[in-house]
Number of protein chains: 2
Amino acid sequence: MYIVETKIFKSDEPVLLESGRELKHIEVAYETYGALNPQGDNAILLLHALTGDAHAAGWHIGDKKPGWWNDMVGSGKAFDTDKYFVVCSNMLGGCSGTTGPNSINPETGKEYGLGFPVITIEDVVKVQKKLVDFLGIKKLTVAGGSMGGMQALEWALTYGDMVDRVIVIASTPRLSAQSIAFNAVGRNAILSDPNFNNGNYYHGKKPEKGLAIARMIGHITYLCEEAMHEKFARRFQDKDGPGFNFDIDFEVESYLAHQGQTFVDRFDANSYLYITKAVDYFDVAGKYGSLEKAFEKTKSKFLVISFTSDWLFPSSQSKELVNALMNNKKDVSYCEIDSPCGHDAFLLEYEVQTKIIRSFLCTD
Amino acid sequence: MYIVETKIFKSDEPVLLESGRELKHIEVAYETYGALNPQGDNAILLLHALTGDAHAAGWHIGDKKPGWWNDMVGSGKAFDTDKYFVVCSNMLGGCSGTTGPNSINPETGKEYGLGFPVITIEDVVKVQKKLVDFLGIKKLTVAGGSMGGMQALEWALTYGDMVDRVIVIASTPRLSAQSIAFNAVGRNAILSDPNFNNGNYYHGKKPEKGLAIARMIGHITYLCEEAMHEKFARRFQDKDGPGFNFDIDFEVESYLAHQGQTFVDRFDANSYLYITKAVDYFDVAGKYGSLEKAFEKTKSKFLVISFTSDWLFPSSQSKELVNALMNNKKDVSYCEIDSPCGHDAFLLEYEVQTKIIRSFLCTD
């Protein structure tokens with residue numbers, strides 16, 4: 001069992017955000033696995049998804065389960081800690097150690113709440129860059145699934161000179177209207193919760209019901225219809241037929257309620273608002289005019305992976321990215337993995353991903 | 001302009017429900033278009049979807065828009081009122097004139113609220129049968145989209161001797177786990193609204209925020225990704241870029257908020273709970289052992305229509321039904337219509353549906 005701990009990087013260098021606002025002090029929670037070589041060029045930065053954290057791999061003392069990508073990070077794994085210095089940090093706006101709406105605003109001495117500036121994926125990556133410099137990294141691979149893939153793309157676009165390789169999994173260069181709609185309804189549920197109290201709930205009742213609803217909506221989009229059918233079909237929960245009331249009837253309802261409840265125990269509703277908004281705003285083609293233009297000058301090698309049953313960020317969106325890179329004659333590999341696991345496949349299908357990623361990392 | 005009005009059928013004959021409970025008095029709001037012939041065999045019963053009502057066609061005095069299937073009902077239309085006696089009633093459990101949770105419970109003198117019995121599609125059809133008998137109908141065609149299609153199937157299963165033809169559009173013989181999940185989250189939003197007050201809100205503030213969230217979730221499932229992209233893409237609402245706050249940013253958010261708001265003005269949250277529950281429970285194969293067994297003895301002719309972009313009740317579910325009928329050597333026609341309109345296509349694609357339905361109704 002590989003014991004790790006989360007460290008904190010602190011900086012008083014002001015961070016100018018896309019909104020024009022500034023953060024004067026930031027802290028970044030991060031973990032590292034493996035060792036940086038003297039040239040500082042064997043680093044892999046892992047970028048977490050919507051509700052992830054710095055704890056990508058190994059075990060904290062007392063953990064009941066390991067980090068969220070433990071199957072992919074370690075000796076001999078996809079991200080091989082015998083060869084690479086692997087880093088993962090909690091994102092700006094998160095709630096697991098990095099500065100976010102639940103942090104103390106040094107100007108008021110109270111939690112930021114909705115006083116926290118609205119952030120973008122660009123801002124998130126700008127803060128990661130400070131950590132990377134602090135750690136002495138000169139060249140790196142960036143890799144992430146879902147929203148992590150968006151951050152990987154942003155790394156390639158803004159700090160391309162440092163980025164050797166880019167791994168974008170189950171991700172998209174921009175959300176569809178449908179995905180924005182799901183996020184908007186989730187935020188609406190949080191904002192409508194009477195305990196939300198304009199974001200000032202840190203010392204009272206929390207908007208747990210709203211956050212649970214947001215999570216349940218999200219969770220439906222992380223699985224696919226077939227996966228849900230495989231898992232639950234139409235089985236009743238602890239009974240043989242209808243209850244003829246509004247309690248939980250079906251197993252799938254019980255599962256969703258459980259997902260909602262465990263989520264509110266570990267996640268901050270304000271962070272959910274800020275992070276989904278950052279995701280909604282991310283739009284490579286919108287910013288650069290087109291995907292082709294965006295990647296005109298990139299020198300990084302790309303690996304793009306999508307999953308057949310992912311309907312949140314479907315393969316067609318990965319293919320748009322791949323086509324833009326190919327039209328620019330860039331070095332890009334693309335794999336569409338046949339999987340019944342829906343969007344969550346990037347967390348689950350580690351065997352096939354391991355083969356593809358190890359091979360991608362070894363090529364010149 | 002074809003002026004119509006909604007009538008009320010009342011019955012004091014007790015209705016025994018699937019749950020074992022009984023309703024002693026029921027009222028049914030209905031409309032009719034065209035005339036019943038002396039033999040009583042030219043009737044078409046239209047069955048509405050989740051939030052529909054008896055007002056399928058024509059105009060009420062003061063209406064800003066006609067009935068919900070006006071494009072399909074009238075002289076020379078799909079359901080031709082020159083030839084047929086067309087009937088539509090609000091469903092049991094609804095909130096537009098038929099007995100439901102917002103009706104007065106004769107035993108208490110107050111609204112039923114959650115004291116209303118949980119109902120099933122079978123109960124809904126049982127009440128429709130009373131109306132059909134009252135109107136002197138001997139033989140009929142039953143037709144409906146979405147949940148209306150479920151009712152059409154139930155008519156064929158339980159009152160098959162009366163049912164010449166069955167038209168099932170954008171429907172399913174049972175919900176998938178994913179569809180149950182969406183309904184469950186919508187109900188959760190209503191039940192979590194502090195104004196819900198255990199269903200007793202008729203004389204105070206209503207659970208509008210919860211009901212609006214339920215409607216927004218539903219609405220996403222009624223459109224498809226492509227339709228949403230066509231309609232909204234990633235356009236900002238009344239501005240050129242991000243607002244960097246939690247107000248509405250994108251057109252699709254504004255559209256959903258509008259859908260939510262207009263819905264709470266016309267629909268009762270308790271009805272939403274009861275009707276989605278009835279839909280969740282409906283399961284032809286579960287009840288009869290298999291779809292094949294269910295339709296072993298049917299003598300009705302079936303027309304099944306599905307739409308390529310409907311991901312709520314996808315074509316695969318219609319095909320299961322069609323295959324079961326074909327395996328029983330029953331008379332069934334199936335059309336999969338190529339449409340970008342998602343599940344809502346049954347309300348929108350009237351031209352192609354008109355051709356198919358008119359042809360189906362004319363065959364011997």
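So that the names make sense, note that chain A is the first sequence line, chain B the second, and so on, each numbered from 1. Note that the structure is predicted; figures quoted are calculated from it, not measured.
- Looking at P117(B), neither its backbone nor its side chain comes within 4.5 Å of chain A, counting heavy atoms on both sides.
- Among R234(A), K277(A), Q178(A), R235(A), the residue making the largest number of heavy-atom pairs under 4.5 Å with chain B is R234(A).
- Interface residue A233(B): only backbone heavy atoms are found under 4.5 Å from chain A.
- In this structure, chain B has a heavy atom under 4.5 Å from the side chain of L114(A), while its backbone stays farther away.
- Both the backbone and the side chain of D280(B) come within contact range of chain A, each with at least one heavy atom under 4.5 Å from a heavy atom of that chain.
- Looking at E251(A), there are no atoms closer than 4.5 Å to chain B (heavy atoms on both sides), in backbone or side chain.
- Contacts of R174(B) with chain A are made by both backbone and side-chain atoms, with heavy-atom separations under 4.5 Å.
- Between chain B and the options H229(A), M228(A), E225(A), K231(A), heavy-atom pairs under 4.5 Å are most frequent for E225(A).
- For the residue pair E336(A) / S306(A), no side-chain donor-acceptor distance below 3.5 Å is found, with atom types taken as modelled.
- Proximity to chain A is limited to the side chain of L256(B), based on heavy atoms less than 4.5 angstrom apart.
- A donor-acceptor contact under 3.5 angstrom links the side chains of N270(A) and Y201(A), judged on distance only.
- Proximity to chain B is limited to the side chain of V252(A), based on heavy atoms less than 4.5 angstrom apart.
- Neither the backbone nor the side chain of L17(A) has a heavy atom closer than 4.5 Å to any heavy atom of chain B.
- Under 3.5 Å, the side chains of H343(B) and S146(B) contain a donor-acceptor pair of N or O atoms.
- A salt bridge is absent between E18(A) and K126(A): the closest approach of a Lys/Arg side-chain nitrogen to an acidic carboxylate oxygen does not fall below 4.0 angstrom.
- Ring geometry, Y255(A) versus H219(A): the interplanar angle exceeds 60°, so the pair is classed perpendicular (tilted spans 30 to 60°).
- Other residues, nucleotides and ligands place no more than 12 heavy atoms under 6.0 Å from the NZ atom of K206(B).
- Between the side chains of Y274(A) and D268(A), not a single donor N or O lies within less than 3.5 Å of an accepting N or O.
- Between chain B and the residues S179(A), A184(A), A181(A), the largest count of heavy-atom pairs under 4.5 Å involves A181(A).
- Checked by atom type and distance alone, the side chain of Y281(A) pairs as donor or acceptor with a backbone atom of F244(B) at under 3.5 Å.
- With a 4.5 angstrom heavy-atom cutoff, F246(A) touches chain B via backbone and side-chain atoms both.
- Under the side chain to side chain contact (heavy atoms under 4.5 Å, CB included) rule, D123(B) has a single partner from V127(B), I119(B), I121(B), which is I119(B).
- Proximity to chain A is limited to the side chain of T120(B), based on heavy atoms less than 4.5 angstrom apart.
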